[in-house]
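Just below is one structure, and these are the notes that go with it.
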Amino acid sequence: MNILNKANDIINKRSEEKERLYGPFSKGMERAAMIASGSTGKHFTAQDMFMCLVALKLSRQSFNHKEDNLLDAVAYLAALNNYNEK
């Protein structure tokens with residue numbers, strides 16, 4: 001299975017079990033933005049949080065190639081697209 005199919009499975013075919021454990025992904029990003037804003041005094045949006053996670057994965061990739069870094073970065077971008085289109 002290629003990386004784009006894997007990312008699609010992670011983002012669009014997420015199991016109900018994970019949602020029960022962690023809550024809806026988009027709501028988690030909104031909550032993370034509120035926490036980051038409150039703890040830094042700077043305004044963060046959910047979109048900012050998605051991009052921070054992409055940046056983290058690309059930073060890790062710059063030190064050591066792992067398919068998981070790229071998979072997660074692509075999955076976060078797909079999740080951001082879903083969030084923006086809702």
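These numbers come from a predicted model, not from an experiment.
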Quiz prompt | T40: partners by side chain to side chain contact (heavy atoms under 4.5 Å, CB included), with sequence neighbours left out | solution = K42, F44
Quiz item: Would you say S39's side chain and I35's backbone share a donor-acceptor pair under 3.5 angstrom?
Solution: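 Yes: the side chain of S39 pairs with the backbone of I35.
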Quiz item: Do side-chain atoms of D9 reach the backbone of K6 as a donor and acceptor pair under 3.5 angstrom?
Solution: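 Checking the backbone N and O of K6 against the side chain of D9, no donor-acceptor pair under 3.5 Å is found.
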Exercise. Would you indicate whether the side-chain heavy atoms of M49 and L53 approach each other to under 4.5 Å?
Key: no
Quiz prompt | Non-hydrogen side-chain atoms of M29 and Y83 separated by less than 4.5 Å | solution = no
Exercise. Give the cluster check for I11 versus I3: same hydrophobic cluster or not, with ILVMFWY residues linked at side-chain heavy-atom distances below 4.5 Å.
Key: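 Yes, because I11 and I3 connect within a single hydrophobic cluster, where side-chain heavy atoms sit under 4.5 Å apart.
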Quiz item: Going only through I, L, V, M, F, W and Y residues with side-chain contacts under 4.5 Å, is there a path from V54 to F25?
Solution: yes
Quiz item: Looking at CG of D48 and SG of C52, how far apart are the two atoms once the value is rounded to the nearest 0.5 Å?
Solution: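 One finds 6.5 Å between CG of D48 and SG of C52.
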Hey, can you pull the donor-acceptor pairs under 3.5 Å for the side chains in residues 68-80, sequence neighbours left out?
unit_1 : atom_1 : unit_2 : atom_2 : d
N69    : ND2    : Q61    : OE1    : 3.4
N69    : ND2    : N64    : O      : 3.2
D72    : OD2    : K57    : NZ     : 2.8

Quiz item: Salt bridge or not for K86 and E30, using N-O below 4.0 Å?
Solution: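 Salt bridge: yes.
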Practice problem: Please report the closest heavy-atom contact between N2 and N5, naming both atoms and the distance. | Solution: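 Residues N2 and N5, closest heavy atoms: OD1-N, 2.8 Å.
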